[in-house]
Amino acid sequence: MIHSTDDVIESQGDYRVFFETMKASGDFKELSRAHSKNLKNAIQSIKDGKSPVVYDNTNIKQNEAKAIVVAALELGLPNDNIK
């Protein structure tokens, strides 16, 4: 199961318009919401026992992947399954 923030954005409408609107307004809350929804969806897939679960996100810095790693560990996935 692949979870991508881009897919979350595209499910809401035109991808390009989403970013153009956000850039023009200077309000990036919708992007944050899309990332949060993507994380929530990935966690639900883990809870549902789906495997593998791929969390495709823009993780530029190491700490940006922390939320999904912490969630996976809290849900009982062993360290060797988290890459």
Q.
Run Ile43 and Lys47 through side chain to side chain contact (heavy atoms under 4.5 Å, CB included) and show every step you take.
A. CA-CA 6 Å; Ile43 290 170; Lys47 287 179 179 178; 3.9 Å; yes
Q | Considering all heavy atoms, the nearest Ala42-Ile68 contact | A | CB-CD1, 3.9 Å
Q) How about Leu39 and His35: do any of their side-chain heavy atoms sit closer than 4.5 Å? A) no
Q) Atom CE in Met1, atom CD1 in Ile46: separation rounded to 0.5 Å? A) 11.5 Å
**Q.** Heavy-atom side-chain contact between Ile9 and Gln12 under 4.5 Å
**A.** no
Q. Are side-chain heavy atoms of Asn38 and Asp6 found at a separation under 4.5 Å?
A. no
Q.
Has Asp14 got a side-chain atom pairing as donor or acceptor with Arg16's backbone, closer than 3.5 angstrom?
A. yes
Q) What residues form a ring-ring contact (aromatic ring centres under 6.0 Å, His included) with Phe28, not counting sequence neighbours? A) none
Q.
Is there a path of hydrophobic side-chain contacts, each under 4.5 Å between heavy atoms, that joins Leu75 and Tyr55?
A. yes
Q: State, to 0.1 Å, how close Asp27 and Met22 come at their nearest heavy-atom pair, and which atoms those are.
A: O-CG, 2.9 Å
Q: Using a strict cut-off of less than 4.0 Å between a Lys/Arg side-chain nitrogen and an Asp/Glu carboxylate oxygen, indicate whether Glu20 and Lys23 qualify as a salt bridge.
A: no
Q: Kindly indicate whether the side chain of Arg33, heavy atoms from C-beta on, has any atom under 4.5 Å from the side chain of Glu30.
A: yes
(Q) When you group the ILVMFWY residues by side-chain heavy-atom contacts below 4.5 Å and let the links chain together, are Val53 and Ile2 in the same group? (A) no
(Q) Nearest 0.5 angstrom please: His3 NE2 to Lys37 NZ, how far? (A) 10.5 Å
